[in-house]
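To find a chain, count down the sequence lines: A is the first, B the second, and so on, and within it residues start at 1.
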There are 2 protein chains.
Amino acid sequence: MADRKTARGAPIKTPVGEQDGIDFSIIELFFFAYRDFTSDPDEILADYGFGRAHHRVLHFVNRRPGLTVAELLDVLKITKQSLARVLKQLIDTDHIVQLPGPRDRRQRELYPTEKGRALALALARPQSRRIHTALGDSGLGNRASIELFLKAMVNPELRAQIDILPANPTQKRSGDDHGEH
Amino acid sequence: MADRKTARGAPIKTPVGEQDGIDFSIIELFFFAYRDFTSDPDEILADYGFGRAHHRVLHFVNRRPGLTVAELLDVLKITKQSLARVLKQLIDTDHIVQLPGPRDRRQRELYPTEKGRALALALARPQSRRIHTALGDSGLGNRASIELFLKAMVNPELRAQIDILPANPTQKRSGDDHGEH
DNA sequence: AAAATACGTCAATAATGCTGACATATTTTT
DNA sequence: AAAAATATGTCAGCATTATTGACGTATTTT
């Protein structure tokens, strides 16, 4: 064990596979699918000097206008400092505006501008088209299965975040003040 | 238009939704699902001082032992310089070994060691468990639909990469020397 | 009045990607 | 045999997106 080079493990030449009891097919498919899924908006974002982080912020602010900073952090699971830069850029470029919270004026409610709405839609369009095509290709009527599967892939304790978003077919919204009335 | 602050666009208070003709449900589900899907291995990797990049390299080297550097770059769609760092670390920590290509000695064939194989399996295990649970939760017999959907989400010209990988049910491998003999 | 909260910001650091340039070994072409 | 192309490695610098820690300010709660 003196020489490091001779201590190297021997090469394994057999591929891992499903026989190891692991679902490699879907693991890989998920990787490739997500990679290409994000590539469409990435190209558009590059024209604005934005990145994926901007996309995510823009998306959720458009989906839940009036979102506070704390709520956004909770959805994105990033830190305040990470959010700060991209949010500032989106505000400076007039894609997002902040309004003081009506009940608690410490809070900043985030709203898209018309410009921000337009960009969010432009980014979502190719993704939606890809999904639509994939649903078609893989046989119609799979939509419900796909939704159930994807939702089941999310950590159970985080599925609440999904249910807050509008127009999800798995639940009905009872009111806009998502409230503890 | 002298003052910038007054030139700000007005806040839009209505959420975007499916009525805009865009499949926001699945877009979001895909984001959340992928986020949590990668969180399991991320925790394990942190113990080794590795990141997601190491995971991907380790994964594909285990799936296709003997892969050359160029082939790996093509699968991962990153640059040589980006790969260099993580690959070097994986070699230094004895997870991967390099052998000169038998036909072309300029090439470096990449193989996992026993240690590398073990880590790859440890990383894949929670992901596979999550998939298995999700398939169960969303009703058995969806597996084929899910695979078709995910595959259809991948850019058509890149689906060839998937078919190269072992034990994919959509094709049969004709030989191990993937060769133009 | 004091404490807690929501947010903003400054500074430093890390992981992962990028481009460009150049070196070395090896194979292919001329 | 010489020249060109190829596969890989490496150096240097840079961008993006994330991290942690610390501190300031406005506001609300205790």
Side-chain angles (χ1 to χ4, degrees), chain A residues 31 34-35 38-39 41-61 66-93 96-111, chain B residues 31 34-35 38-39 41-59 61 66-93 96-111 180:
Chain A
F31 165 69
Y34 195 76
R35 187 188 64 179
T38 52
S39 70
D42 281 355
E43 287 178 27
I44 299 169
L45 290 159
D47 298 337
Y48 293 76
F50 290 163
R52 233 172 254 185
H54 300 84
H55 185 188
R56 292 196 283 264
V57 171
L58 204 48
H59 175 94
F60 286 108
V61 169
L67 201 72
T68 65
V69 171
E71 287 169 332
L72 187 53
L73 291 176
D74 193 47
V75 172
L76 297 177
K77 295 263 175 278
I78 59 173
T79 60
K80 187 175 45 164
Q81 296 88 333
S82 297
L83 174 62
R85 249 169 320 193
V86 301
L87 183 55
K88 192 172 193 310
Q89 286 177 280
L90 287 168
I91 290 168
D92 288 347
T93 54
I96 290 178
V97 288
Q98 289 178 316
L99 297 182
R103 283 185 277 278
D104 185 337
R105 286 187 340 232
R106 290 172 303 180
Q107 295 182 334
R108 305 300 155 99
E109 293 189 342
L110 304 174
Y111 293 93
Chain B
F31 166 70
Y34 195 76
R35 186 188 65 178
T38 52
S39 70
D42 281 354
E43 287 178 28
I44 299 169
L45 288 160
D47 299 337
Y48 293 75
F50 291 162
R52 235 173 252 185
H54 300 84
H55 186 187
R56 291 196 283 266
V57 170
L58 204 48
H59 176 93
V61 169
L67 200 72
T68 65
V69 171
E71 286 170 334
L72 187 52
L73 291 175
D74 192 47
V75 171
L76 297 176
K77 295 263 175 278
I78 58 172
T79 60
K80 186 175 49 165
Q81 297 88 334
S82 297
L83 174 62
R85 254 174 314 202
V86 302
L87 183 55
K88 192 172 193 310
Q89 286 176 281
L90 287 168
I91 290 168
D92 288 347
T93 54
I96 289 178
V97 288
Q98 289 178 317
L99 298 183
R103 283 185 277 279
D104 185 338
R105 285 184 344 227
R106 290 171 306 181
Q107 296 183 332
R108 303 301 154 98
E109 292 188 343
L110 304 173
Y111 292 92
E180 67 314 337

| said: Taking donor-acceptor contacts at under 3.5 Å, does the side chain of B/Arg106 reach the base of D/dT6? | reply: yes
| message | Measure CG/A/Asp42 against P/D/dT16 and give the value in whole Å, please. | response | 13 Å
| said: Near DNA chain C, counting only heavy atoms under 4.0 Å, which residues of residues 47-58 of chain A show up? | reply: none
| field | Considering all heavy atoms, the nearest B/Asp42-B/Arg52 contact | value | OD2-NH2, 2.8 Å
| What pair of heavy atoms forms the shortest contact from A/Arg105 to A/Pro100, and how long is it? | O-CB, 4.3 Å
| task | Taking the side chain as every heavy atom from C-beta outward, state whether A/Leu73 and A/Ile78 have any pair of such atoms under 4.5 Å apart. | result | yes
| Crowded around B/Lys77 NZ? As in, over 12 foreign heavy atoms under 6.0 Å? | yes
| message | In terms of relative ring orientation, are B/Phe31 and A/Phe60 parallel, tilted or perpendicular, with 30° and 60° separating the classes? | response | tilted
| Taking CG from A/Leu76 and C1' from D/dA18, how many angstroms apart are they, rounded to a whole number? | 12 Å
| query | What is the 5' to 3' range of DNA chain C, first to last nucleotide, that sits under 4.0 Å from any heavy atom of chain A? | reply | C/dA4 to C/dC10
| request: Kindly state which residues belonging to residues 80-87 of chain B come within less than 4.0 angstrom of DNA chain C, counting heavy atoms of the residue only, listed by number. | output: B/Gln81, B/Ser82, B/Arg85
| Check: B/Thr93 and B/Phe50 side chains under 4.5 Å, non-hydrogen atoms | yes
| Among D/dT19, D/dT10, D/dA5, the nucleotide that comes nearest once only the side chain of B/Lys88 is considered | D/dT10
| task | Could you tell me the separation between the CZ atom of A/Arg108 and the P atom of D/dT28, rounded to a whole number of Å? | result | 11 Å
| query | B/Leu110 versus B/Gln98: any side-chain heavy-atom pair under 4.5 Å? | reply | yes
| task | Establish, with yes or no, whether the OP1 or OP2 oxygen of D/dG9 is under 4.0 angstrom from a side-chain nitrogen or oxygen of B/Gln98. | result | yes
